[in-house]
Amino acid sequence: MKNSQAHWENKLWAYLDGSLPADEHREINDVLRENEELRDKLQDLRAAEHLLRTTRLREPSDTFTRRIMTNLDRTALAGGLSVTKSIFLLAGILVTTAIAVWLLSAGYFSSETTVDLNNLKLPARFVPEDIPGFSIDGKTIVNAIVFLSLGVAFVLLDRGILRPLFGRRLQTGA
Amino acid sequence: MSHDPDLPLIDRILAGEQAVYATIVDRYKRYVYTIAFKVLLDSADAEEAAQDAFVKTFHYLKGFNRQSKFSTWLYRIAFNTAITHKRRQRKQHRSLDDFDVGVHAQGEGYMEHRDKSRFLDLALSRLGELDRTALTLFYLKEFSLEEIADIMGIQANTIKVRIHRARQRVAEELKRILQQEALTL
């Protein structure tokens, strides 16, 4: 029953659009003459079609164009890294990180250094007599710098390259 | 690709004549705004989305591959920007159901036109934004089904079915609205 109703509705829309072949057009006319329910349905569709054909373009505000042109200048001044510059910066960070990792593995930062603050000759009333010294492990520091650089590289890859590229594709559908 | 009247202007903009972009904006602002409005159903939001779309289009201009018409490409950006805005919206959109479809002493002809327009807007507001946009673009009579499909990023066959179902839904909603209106008289 539902299929039959949908079938006739589709036919009526095609009838309204004038897209039915001549023989089907005649058939619909014959059915409409006999069937009051279908005639009422056609009237409803005709009313909807008539209203839909009144669709018009809407008008934005008077300042629309001026605001866009102002925004263009503003976004140009704001600058920001282009994708190309981001790629170069990322490459630089990765090369530096690779060099640091190579130096680490070659043992260049293996030695420990002890810093003796007592040699600084600080005023006695502000500091205790014997300031304990501390060791600096070069390897730990360079490891920390390497991990920090990788974190920065990841953020740069995400914000400076992938998001602009994929965002552009989503917006333009390209 | 047949002659696109916007290409000479685009070439000038890419050559550095930024002020020429105002001509492009004036040429297409009504279409872009209408598309944004049909998605967002709010004039302030639609204007913001339409402005964003034009700014984005300007910045992506170098990447325009000229395989489609510039206008189709622009409308696609406008549609996608409006959809993004809609997803970001936190506030509840005020439904047109909240508006009072009352009678004002303005004269019968004006009232009749205004009522019909409000009834249509109310019926359209009950559709999803994709159906609403597809139907609007179809009835503006400026776009082929292929262009509408291109703008919305949907297959042409799917657009045909979507428009057909949307028309049926509008007819049903209009009947319901007019019946309700008759009951309140």
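Chain A is the first sequence line, chain B the second, and so forth, proteins listed ahead of strands; every chain is numbered from 1. The basis for the numbers below is simple: all heavy atoms, side chains too, and nothing from hydrogens, waters or symmetry mates.
- Put simply, Phe154(A) and Leu162(A) are part of two different groups of oily side chains (I, L, V, M, F, W, Y) that touch within less than 4.5 Å, one to the next.
- In this structure, the portion of Ala19(B) lying under 4.5 Å from any heavy atom of chain A is its backbone and not its side chain.
- Ranked by heavy-atom pairs shorter than 4.5 Å toward chain B, the options Leu51(A), Thr55(A), Thr65(A), Leu57(A) are led by Leu57(A).
- Proximity to chain A is limited to the side chain of Phe37(B), based on heavy atoms less than 4.5 angstrom apart.
- With hydrophobic clusters built from ILVMFWY side chains whose heavy atoms lie under 4.5 angstrom apart, Val95(A) shares a cluster with Val142(A).
- Considering every non-hydrogen atom in both Leu174(B) and Ala48(A), the closest pair reads CD1-CA, 3.7 Å.
- Both the backbone and the side chain of Gln168(B) come within contact range of chain A, judged by heavy atoms closer than 4.5 Å.
- When side chains are defined from C-beta on, Ile68(A) does not count as touching Lys29(B), because their heavy atoms never get closer than 4.5 Å.
- Looking at Arg66(A), there are no atoms closer than 4.5 Å to chain B (heavy atoms on both sides), in backbone or side chain.
- For the set Glu49(A), Arg53(A), Arg46(A), the entry with the most heavy-atom pairs within less than 4.5 Å of chain B is Glu49(A).
- In this structure a side-chain-to-backbone donor-acceptor pair under 3.5 Å is present from Glu47(B) to Ser61(A).
- Clustering ILVMFWY residues whenever any of their side-chain heavy atoms sit less than 4.5 angstrom apart, transitively, puts Ile99(A) in the very cluster that holds Val101(A).
- Within the cation-pi definition used here (under 6.0 Å to the ring centroid, within 45° of the axis), Arg58(A) does not qualify as a partner of Tyr33(B).
- Leu135(B) touches chain A through its side chain: at least one heavy atom from C-beta onward sits under 4.5 Å away, while N, CA, C and O do not.
- Surrounding CD of Gln155(B) are at most 12 heavy atoms belonging to other residues, nucleotides or ligands under 6.0 Å away.
- A chain of hydrophobic side-chain contacts below 4.5 Å, direct or via other Ile, Leu, Val, Met, Phe, Trp or Tyr residues, connects Leu14(B) to Phe70(B).
- For residues 29-41 of chain A, heavy-atom neighbours of chain B at less than 4.5 Å comprise no residues at all.
- One distance of note links CG of Asp52(B) with CG of Asn71(A); it measures 8.0 Å at 0.5 Å rounding.
- Going from atom CD of Glu172(B) over to atom CG of Asp44(A) covers 10.0 Å, rounded to the nearest 0.5 Å.
- Side-chain contact between Arg30(B) and Glu59(A): present, with at least one pair of heavy atoms (C-beta onward) separated by less than 4.5 Å.
- Only the side chain of Arg67(A) comes within contact range of chain B, with heavy atoms under 4.5 Å apart.
- Contact record, Leu140(B) with Arg56(A): CD2-C, 3.9 Å, taken as the closest heavy-atom pair.
- Using a 4.5 Å heavy-atom threshold, the side chains of Arg167(B) and Asp17(A) count as touching.
- Linking ILVMFWY residues whenever their side-chain heavy atoms come closer than 4.5 Å, directly or via other members, places Ile24(B) and Leu7(B) in the same cluster.
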